[in-house]
K.L.:
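Below are the structure tokens for one structure; questions will follow.
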Protein chains: 2
Amino acid sequence: MKGGRGAGESATRRAPAASARSRATRTPRFERQLPEQRRRALIDATIVCLKRYGHDGLSIRTISAAAGVSVGLINHHFPNKDELVAAAYRHFNSELVEGMQAAVARAEGSPRARMRAFLESSFAPPNLDADVLAVWVVFWGLYRHSPLIQRVHHETYQGYVRLLRAMLADLLSGRRARAGGIDLKLAAIGLTALLDGLWLEWCLEPGTFRPAEAVALCEAWVESLVSRVAGPAD
Amino acid sequence: MKGGRGAGESATRRAPAASARSRATRTPRFERQLPEQRRRALIDATIVCLKRYGHDGLSIRTISAAAGVSVGLINHHFPNKDELVAAAYRHFNSELVEGMQAAVARAEGSPRARMRAFLESSFAPPNLDADVLAVWVVFWGLYRHSPLIQRVHHETYQGYVRLLRAMLADLLSGRRARAGGIDLKLAAIGLTALLDGLWLEWCLEPGTFRPAEAVALCEAWVESLVSRVAGPAD
DNA sequence: AGGCTTGTTGAACGAGCGTACAACAGTGCA
DNA sequence: TGCACTGTTGTACGCTCGTTCAACAAGCCT
């Protein structure tokens, strides 16, 4: 953090273009933007800083420099730093869930194909990335002592859980009532754990196994889950 | 973090005890300690602060206050803050691994019993604790940008991996060469992932399942692993 | 062309940070 | 009892932090 972050990271200053309005070609000192656009740019810059500098990247000066903007602007668009970080967390979460949902919708085949699409999307870019893990880890570190982060987490995590639950329900298509409910619930929990654990392992040490192998492991779990439900009854 | 941490968290100042050395019972302003003891106390205070305040707890003033010691003392026993944090990380890691090893050694029965002891120790206090997870998360957050933390991690993580590998090897007792090596390696990776994932899930949301259920899930995985090796060959 | 709205700037402030260091004081030994 | 050693204290320094706010200026409307 000592050696200065370097300003002007984004090309905000425009080249002097020929303007019909003034004879002397003037370079505007800044460019006004709609609040929504600027907020989005600041959120993006926050994520970039998190990837680059970890927890230390969460500073007003670092973020505003990355966004090519002055220090004061952040507090014009966000009441304080915590709200910006929470907004970034919400955005990060939403992008993940929406990406997953899109991948599943794109598959549109059997429940099994949709599950496969879900798993493959979990173990492929942009999710499967050490930088992305680093960002998550910083957010998780904030979780315990920031009610704001907690609220955002619960709001967005719901979407993820619902997606996974729905897919499992489709796979087991109504057979749920037949098998032991506890076993099923446990198996679903296990799938999430396996998925998260493998994802974590890969990000920490990408060399030890291939993404396809992770998908295979998860599919085997799902398979045993299905057969456990359908097996004794069919 | 605004409202001051409050000093005198530990009872450093002794009550005026009758001393044979001086007539006026003098209260010593501080107590000298051996470097090793003091270092240990500072490391413990660091962990306490991490649990209490998360990443914000990693400040010289917060830690020294928690240790009941002045700000200057830390730099007398540690060259700088990063070294203290790294030492705390090493201690935290070692305690985990040693606790696991002790639990396994205590079991001293069949390989299966030792594996059960390992799993039960993973899903029981003091490891299974939201505070403990919070500490891990902060350390993980430091990992990417601190070579010091990286070094400590690799040194201590080895012990954990070796323990798990040894137990798996015992369980499969020499049958390793027979089965498909890739499958086996994958299954071992899967076990780690399942274990870590379940542990994480429980710490984040303790209500959703019981520790015993997590142990059962892991044991089922190990079971399928053993039968996959022994099954086709026996 | 002039005025208005408001997005944007950048200096300034108080607080907390990690570290350095001179002074102090326990403790064991002669 | 006095001395030397060294663990311990607490102030001070330079820096970065988040936030504030008066001044500025881009862009639209009339």
Side-chain angles (χ1 to χ4, degrees), chain A residues 1-5 7-8 10 12-14 17 19-23 26-42 45-46 49 53 55-65 67-86 146 148, chain B residues 1-5 7-8 10 12-14 17 19-22 26-42 45-46 49 53 55-65 67-86 146:
Chain A
M1 281 287 277
K2 289 283 175 59
R5 201 84 69 210
S10 78
T12 294
R13 327 281 164 184
R14 291 191 307 188
S19 164
R21 287 228 273 126
S22 66
R23 285 164 313 212
R26 273 203 320 137
T27 334
R29 305 223 287 115
F30 57 87
E31 205 165 347
R32 290 179 80 130
Q33 291 191 10
L34 293 176
E36 203 172 342
Q37 290 172 21
R38 192 62 91 183
R39 279 176 57 94
R40 172 59 191 274
L42 288 171
T46 304
C49 289
Y53 311 108
H55 185 281
D56 290 342
L58 286 184
S59 112
I60 295 289
R61 282 167 177 81
T62 306
I63 294 168
S64 56
V69 129
S70 76
V71 273
L73 194 61
I74 286 180
N75 284 296
H76 180 71
H77 291 285
F78 296 91
N80 53 51
K81 192 183 88 161
D82 288 347
E83 294 276 1
L84 167 61
V85 174
S146 163
L148 211 53
Chain B
M1 281 285 278
K2 288 285 176 58
R5 201 84 69 212
S10 80
T12 293
R13 326 283 163 184
R14 292 190 308 190
S19 162
R21 286 228 273 128
S22 66
R26 276 205 315 139
T27 333
R29 303 222 287 114
F30 58 87
E31 205 165 348
R32 289 177 80 125
Q33 292 191 9
L34 293 176
E36 203 172 341
Q37 290 173 20
R38 191 64 90 184
R39 278 175 58 93
R40 173 60 191 273
L42 288 171
T46 304
C49 289
Y53 311 109
H55 185 281
D56 291 342
L58 285 183
S59 112
I60 294 289
R61 283 166 177 81
T62 307
I63 294 168
S64 56
V69 128
S70 76
V71 274
L73 195 60
I74 287 180
N75 283 295
H76 180 71
H77 291 285
F78 295 91
N80 53 52
K81 193 184 88 163
D82 289 347
E83 294 276 359
L84 167 61
V85 174
S146 162

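Chain letters run A, B, ... following the sequence lines, proteins first, then strands; residues in each count from 1.
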K.L.:
Out of curiosity, A/T46 OG1 to A/F78 CZ, how far, rounded to the nearest 0.5 Å?
P.N.:
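Between A/T46 OG1 and A/F78 CZ, I get 7.0 Å after rounding to 0.5 Å.
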K.L.:
Under the side chain to side chain contact (heavy atoms under 4.5 Å, CB included) criterion, do A/R38 and A/V69 qualify, and how do the steps go?
P.N.:
CA-CA 10 Å; A/R38 192 62 91 183; A/V69 129; 3.6 Å; yes
K.L.:
Report the distance from atom CG of A/L73 to atom CG of A/L42, rounding to the nearest 0.5 Å.
P.N.:
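A/L73 atom CG to A/L42 atom CG measures 6.0 Å (nearest 0.5 Å).
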K.L.:
Could you state the atom-to-atom distance from NZ of B/K81 to P of C/dG18 in whole Å?
P.N.:
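Nearest whole value for this atom pair: 4 Å.
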K.L.:
Specify the separation, in whole Å, of atom CD1 of A/I60 and atom P of C/dT9.
P.N.:
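Computing the A/I60:CD1 to C/dT9:P distance gives 14 Å.
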K.L.:
As a test of reading the structure: which of C/dT9, D/dT9, D/dT19 is closest to the side chain of B/S70, going by heavy atoms?
P.N.:
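So the side chain of B/S70 is nearest to D/dT9.
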K.L.:
Below 3.5 Å is the cut-off: list the nitrogen or oxygen pairs between protein and nucleotides 4-7 of chain C, distance only.
P.N.:
residue: C/dT6; atom: O4'; partner: A/R32; partner atom: NH2; Å: 3.4
residue: C/dT6; atom: O2; partner: A/R32; partner atom: NH1; Å: 3.1
residue: C/dT6; atom: O2; partner: A/R32; partner atom: NH2; Å: 2.8
residue: C/dG7; atom: OP2; partner: A/H76; partner atom: NE2; Å: 3.1
residue: C/dG7; atom: O4'; partner: A/R32; partner atom: NE; Å: 3.4
residue: C/dG7; atom: O4'; partner: A/R32; partner atom: NH2; Å: 3.0
residue: C/dG7; atom: O3'; partner: A/Q33; partner atom: N; Å: 3.4
residue: C/dG7; atom: O3'; partner: A/Q33; partner atom: O; Å: 3.4

K.L.:
Find the distance B/H55:NE2 to C/dC17:P and express it as a whole number of Å.
P.N.:
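Rounded to whole Å, this separation is 12 Å.
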K.L.:
What is the distance, rounded to the nearest whole Å, between atom CD1 of B/I74 and atom P of C/dA20?
P.N.:
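Rounding to the nearest Å, CD1 of B/I74 and P of C/dA20 are 13 Å apart.
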K.L.:
Rounded to whole Å, how long is the line connecting atom CG of B/D56 with atom C1' of C/dG18?
P.N.:
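Atom-to-atom, B/D56 to C/dG18, this comes out as 15 Å.
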K.L.:
Would you mind reading off the distance between B/I63 atom CD1 and C/dC17 atom C1', rounded to a whole angstrom?
P.N.:
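Interatomic distance, CD1 of B/I63 to C1' of C/dC17: 12 Å.
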K.L.:
Can you name the nearest heavy-atom pair linking A/L148 to A/D82, along with the distance?
P.N.:
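The answer is CD2-O, 3.7 Å.
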K.L.:
Taking all heavy atoms of A/A45 and all of A/A67, pick out the closest pair and write down the distance.
P.N.:
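The pair with the smallest heavy-atom distance is CB-CB, 3.7 Å.
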K.L.:
Would A/N80 and A/E83 count as a side chain to side chain contact (heavy atoms under 4.5 Å, CB included) if you check the C-alpha gap in whole Å, the side-chain angles of each, and the deciding distance to 0.1 Å?
P.N.:
CA-CA 6 Å; A/N80 53 51; A/E83 294 276 1; 3.3 Å; yes
K.L.:
Round to the nearest Å and state the distance from B/N75 atom CG to D/dG10 atom C1'.
P.N.:
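One finds 13 Å between C1' of D/dG10 and CG of B/N75, rounded.
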K.L.:
A/N80 CG to D/dC17 P: how many Å, rounded?
P.N.:
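After rounding, the gap between these two atoms is 17 Å.
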K.L.:
Quick check: closest heavy atoms across B/C49 and B/I63, and the distance to 0.1 Å?
P.N.:
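Nearest heavy atoms, B/C49 then B/I63: SG-CA, 3.7 Å.
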K.L.:
Under 3.5 Å, which protein N or O atoms sit close to an N or O of nucleotides 11-14 of chain C? Give each pair with its distance.
P.N.:
none

K.L.:
Rounded at 0.5 Å granularity, tell me how far CG in B/D56 sits from NE2 in A/H55.
P.N.:
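B/D56 CG to A/H55 NE2: 6.0 Å, rounded to 0.5 Å.
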K.L.:
Identify, with sequence neighbours excluded, every residue that meets ring pair (Phe, Tyr, Trp, His ring centres under 6.0 Å) alongside A/H77.
P.N.:
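Partners of A/H77 under the ring pair (Phe, Tyr, Trp, His ring centres under 6.0 Å) test: none.
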K.L.:
Quick one: label A/L58 by what it contacts on the DNA or RNA (base, sugar-phosphate, nothing), any heavy atom closer than 4.0 Å.
P.N.:
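Contact class for A/L58: sugar-phosphate only.
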